[in-house]
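Residue indices begin at 1 and follow the sequence shown.
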Amino acid sequence: MLKEYLTVKEVAGPLILVEEVSGVKYEELVKIKLSSGEERTGKVLEVNGDKALVQLFEGTAGIHISSTRVTFLGKEIELGLSEDILGRVFDGLGRPIDGGPELIPEVERNISGDPINPFARDYPEEFIQTGISAIDGLNTLVRGQKLPIFSGAGLPHNQLAVQIARQAKVVGSNENFAVVFGAMGITFEESDYFISEFKKTGAIDRAVLFLNLANDPALERIATPRMALTTAEYLAYEKGMHVLVILTDMTNYCEALREISAARKEIPGRRGYPGYLYTDLSTIYERAGKIKGRKGSITQIPILTMPEDDKTHPIPDLTGYITEGQIILSRILYKKKMAPPIDVLPSLSRLKDKGIGAGKTREDHSDVFNQLFACYARGKEAQELAVILGESALTDLDKLFFDFANDFEQKYVSQGEFEDRTIEETLDLGWRLMAVFPTGELKRIRPEWIEKYLTKFKKELGQDDVQAGGEDAA
């Protein structure tokens, strides 16, 4: 029999303080009954002796200290799950908002999840094709990896997220692949965009959406990514599916965490965020991965908007420590009408070398990646030099690299929102762009790959000067 308390002593913002309690646990669910008969739900944030601090999901408006009844339910937030969850849209607390029927759960799972034994983790090394050249070719996504996207206010990260969700696939495999999409603190317009885009392209059939709106309670925003990851763990480890989890926007999540921390009167850390921000983020990011002996996997793409485009801000800074690289969107490229405006030079996928090569992508992938990166970096240097000294000061070779950088951005990085490139198309495009250079300048590519792949693209340009030794015949 659950005990009911009439001992609310204080109401502060979204919090209530209940005294003279016993047996209450951290993060336990709470039912609050108002004098009007209305019922609300909350969660225990802190327990100190016989006092419990409770945060309400629906807010504290209308609560009277003397007449409010509080019942501690003895369990944490749980999510009912079954395979029928695919194709459905839920709010941030897992309640259906798509007009469909209530889910009949096969199992119920605590949304906090269970930690993965580090010894049981399998190393990520299988390529996931997103259809986006700047990711597949240069910052390759590997199954089981966590690869965040660092964006800024007003940049098209939502369009990029939807494109990845729509196009992502495991190449050369008929294995089940699903997308779990968690959005936090978004506007109604953004919510409508996500739902309509998933439905319009048919991607909704293999997806699950959790959408938390900006006017929803901050506590719900804290639960949303955990709802998404609990669903992903069920599909991956119990149903053997390969799941891609996209979380946007982690900045809104961290703002909610800061709001709750301030309400609890905790001592703030950097920029007012709680000192445990790193630990809290790790409980989300570290739920990606593969487990030995289990067929499924969870690959995670968290998206965050950097306040003032500042990479040293606590949110991107701490995220970079926990995750395996980052994809950075550039405001400069966005102003050039590039889409997606991925800045490849500071972007990085630390696991890319494990997911490329013969039998995974193609034998020449590593060399093409290294050479493209080197040519683009040299082209950007030539452009910076031209700003200072003028283009007339550049050598003919510098001008070649100068033009290559522009072509690379226009043809390789920039692509249509619905353009889905295979990895072969991406690699061939890289060869085609590099065919303008004298073969001797392609020092990072082995002679056998130059002989095998570059010859046909040189011939397209009317340049038949390729030698296997890596030098120009002319």
(message) Run the salt bridge (charged side-chain N to carboxylate O under 4.0 Å, His left out) test on Asp309 and Arg331 for me, step by step, so that the C-alpha distance in whole Å, both residues' side-chain angles and the decisive distance to 0.1 Å come before the verdict.
(response) CA-CA 9 Å; Asp309 295 354; Arg331 199 170 295 279; 2.6 Å; yes
(request) Start with the C-alpha distance between Lys354 and Gln145, add both sets of side-chain angles, then the distance that settles side chain to side chain contact (heavy atoms under 4.5 Å, CB included), and finish with yes or no. (result) CA-CA 11 Å; Lys354 304 298 180 182; Gln145 184 179 8; over 6 Å; no
Pairs involving [range], ordered by first then second residue, that meet ring pair (Phe, Tyr, Trp, His ring centres under 6.0 Å) (sequence neighbours left out):
range: residues 193-215; value: Phe90-Phe210, Phe181-Phe194, Phe181-Phe198
range: residues 275-308; value: none
range: residues 296-341; value: Tyr273-His313

(request) Assign the ring pair Phe373 / Phe369 to parallel, tilted or perpendicular, where the plane angle (0 to 90°) is split at 30° and 60°. (result) tilted
(message) On the six-membered ring of Phe119, is Lys292 placed so that its NZ or CZ lies under 6.0 angstrom from the centre and within 45° of the ring axis?
(response) yes
(message) Give me the atom names and distance for the closest heavy-atom approach of Ala168 to Ile128.
(response) CB-CG2, 4.4 Å
(request) State, to 0.1 Å, how close Glu19 and Thr7 come at their nearest heavy-atom pair, and which atoms those are. (result) O-OG1, 2.5 Å
(message) Applying side chain to side chain donor-acceptor pair (under 3.5 Å) as the test, list every pair that has at least one member in residues 94-106; sequence neighbours left out.
(response) Arg88-Asp98, Asp91-Arg95, Glu106-Tyr234, Glu106-Lys239
(message) Holding to ring pair (Phe, Tyr, Trp, His ring centres under 6.0 Å), I want the full list of residues that pass it with Phe72, two or more places apart in sequence or in another chain.
(response) Tyr5
(request) Not counting sequence neighbours, which residues clear ring pair (Phe, Tyr, Trp, His ring centres under 6.0 Å) with Phe127? List them please. (result) none
